[in-house]
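Here's the structure we're looking at; comments come further down.
Position 1 is the first residue of the sequence, and the numbers go up from there. The basis for the numbers below is simple: all heavy atoms, side chains too, and nothing from hydrogens, waters or symmetry mates.
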Amino acid sequence: MRHAAAATAAVAVLLLKLLGATAAPNDDTPMAPTLGPASAIIVPERPFLTLGADDGTALAIQIEGDGAAGFLPVRVEASVGTVDAPTADGEGRFVARYHAPQQRFPQVAIVVVELAKGTEQVRGVLRLPLRGSTEMPFRTSPYADVTLRVAEHTFGPIAADGQGRVKIPIVVPPGIVEGLARATDRDGNVNETSVDLQPAPFPRVLVFAPARMEVGRTTPVSVYVVEPSGAPVPESRIVLKAAAGQVRRAGGGSAGEARFFVQAPRLLGASPLALTGMKAGSNPKEAGAVGEVSVPLFPAKPYRLSLTPSAGWLVVGAGGESTIALSAEDEFGNPTSCTGVAVLVNHQPAPITLSEWGRGVIVVAAPERYQGRDGITIEASLGTAYTVREIRLTGGPPTQLTLELSGTQVVADGKSGVEVRVHAVDQNGTPTLIPGLSWEIGGGRLGTVRKPRVGSYVAEFVPRRVREGRDETIAVMASQTLRASATFRVEPPRARLSLTPRIGLYTNFGNMAGGTASVDVVVPLPGRASDLDVGLSLGYLHDALTAGKTQDVQPHVEIYQVPVLAIARYHLLLHPVELNVGAGLGVSLAYSRLSLARDNNPLTVAGTAQALALQANAETVFRLPPGHLVVGLRYLWIDLGRTSQGDELQGNSAGFVADLGYRVTW
């Protein structure tokens, strides 16, 4: 018997190869399905089954070709009936049992077995005919002999009873729709009639899809279709439709099989995904002509994590706690499980409780004492997804308040300001929040109050422009009894332009003396050199000298000078006055006139001269609204020398200058 079974199996293998019952191409790689070096075939113990007489058959699954070792069954499906899970029967061999359906009408069972080794996959496909057995009733002549021919088999003869009634047991292969009945009566008369066998529809489509699909991903799906007779439908005539997502033909299928790529929708709201396979041109309402499966969708890998605390603040030493809910989403926004998540609280591993839906719960408690941290950091990571959240810590009611300033003096130009820093702690020295912080400020504006950390408040105070310096006080209050303050000096801004007219007297402590007038125009240098002014000084000096009469000659000399100087001065603030020192360099233009009176006959000689002018000066400035009173002392050196008429003026023609001026600034 064993040798006979082996011979039968060998013949069946040869027959299946001739009929094209070979393995499906390997489609484990969605973008490039190719046939691997191995293949699979399914060999039934019996080439067909008769329903009602046979309850099933054994299936031998054989892996052939290079690399056949190591494959294991991963999926097995049948269009009608059921198949047990395959079991190993040697290297590259497996056995399974096919169980026939309860219905007894003719059918074809499409059986697909998928085996895998790592990422490589092979499939074996079997189309098993299931013949139907029944009794066909007839009415004919009494006692006539009746036969019924179905396909190549003739059933009967069976004699009718006296009323012409007869039932003929028949076996009908799938795809046969009519038979030929032949009745011969007692007189030898023969009557032949076509009989409609009325075949029942059966499932002729098997959609071989994975048990579930990942959203947004492309998955290979195969569709197997047979004709009512069991003949495979050409691959080009097989179509697949999806209720959502996208479908495109992959190619590479064998006869009776078409391969497709199905891109699942991105949202779980479309789950399960309905896939419909059929032969092109089939009536979808025809029973058995359409195969449908519903494939559940599952989310992609976690892409983002979210931590949602029940309390964003905890009070140190108060014994409170915050419950943080952890949830995960894939890259398309679908909720997914947090299973396998790692949680750190202040960089230390922490426990997490997961619900049956895959959401997590973390509980953190407020510390008993302040440890230098402003918050509790919660980190969660799952694969490449990562998130961090901080629960801020604060103390109890504030009991101590301090206020600090970034400087003690500021120029009140409407732009410059001073940074104000406020710190609050509770009775244990823990930095704490101030529920109702209020400010007392003078002339100026307080910028946005920032909170760089718990218990710290930082803002910038910009005073309004002032014309004279004063002390400014800023105060902050956390309550009616808790207050802090600080004072700083506000100085007026330097003028962008100042004009100083002066009048005074000069002398060289010799023969030269007279009145003087001048005007200075200066501007401050920018940036760090703003304490230094530069500009021009335009002056006027006049000296009239009458010498003693000699030999009836009375000489009279007048000298007019206009010194033009480039000047620089440096400011020294000596509150409440201002002291300036400076120097000048330029040229003095002079006009001299010598008058001689002799015996009442006047004689006048005029000439011009120009010479280098040097100046050193100091001045004291007093506030006198709307400007400043300036008291100055200068030493001006001008050596005119010889004039254009040949007269020579020796020595310093200027000297010490004492003047009084009034400065107006813009």
Is the side chain of Asp533 donor-acceptor paired with the backbone N or O of Val522 at a distance under 3.5 Å, no angle test?
no
Looking at Arg663 and Glu619, is any side-chain nitrogen of the basic one under 4.0 Å from a carboxylate oxygen of the acidic one?
yes
Side chain to side chain contact (heavy atoms under 4.5 Å, CB included) partners for Ala244, two or more places apart:
Pro265, Ala270, Leu273
Could you tell me whether Arg75 sits above the aromatic face of Phe208, with NZ or CZ closer than 6.0 angstrom to the six-membered ring centre and within 45 degrees of the axis?
yes
Does the side chain of Ser537 come under 3.5 Å of the side chain of Asp520 through a donor N or O and an acceptor N or O?
yes
Under the criterion side chain to side chain donor-acceptor pair (under 3.5 Å), I'd like the reasoning laid out for Tyr386 against Glu379: C-alpha separation, chi angles, the key distance, then a yes or no.
CA-CA 7 Å; Tyr386 173 82; Glu379 300 173 86; 2.5 Å; yes
Assess the residue pair Phe656 and Phe509 against the criterion (ring-ring contact (aromatic ring centres under 6.0 Å, His included)); give the C-alpha distance rounded to whole Å, side-chain angles, the decisive distance to 0.1 Å, and a yes or no.
CA-CA 8 Å; Phe656 287 94; Phe509 297 104; 5.7 Å; yes
Salt-bridge contact Glu292-Lys241 (side-chain N to carboxylate O under 4.0 Å)
no
Between Thr473 and Ser485, a side-chain donor and acceptor under 3.5 Å:
no
With the threshold set at 4.0 Å, does a side-chain nitrogen-carboxylate oxygen contact exist between Glu331 and Arg217?
yes
Which residue pairs pass the side-chain hydrogen bond (donor to acceptor under 3.5 Å, both in side chains) test when at least one of the two sits in residues 389-400, sequence neighbours left out?
Thr394-Thr432
Give a yes or no on whether a salt bridge exists between Glu460 and Arg421, defined as a side-chain N under 4.0 angstrom from a carboxylate O.
no
Assess, by modelled atom type and distance only, whether the side chains of His423 and Ser456 contain a donor and an acceptor separated by less than 3.5 Å.
yes
NZ or CZ of Arg212 within 45° of Phe298 ring axis and under 6.0 Å
yes
Between Arg634 and Asp659, does at least one N-O distance fall below 4.0 Å, as a salt bridge requires?
yes
Using 4.0 Å as the upper bound for N to carboxylate O, is an ion pair formed by Glu440 and Arg483?
yes
Going by atom types only, do Asp531 and His571 share a side-chain donor-acceptor pair under 3.5 Å?
no
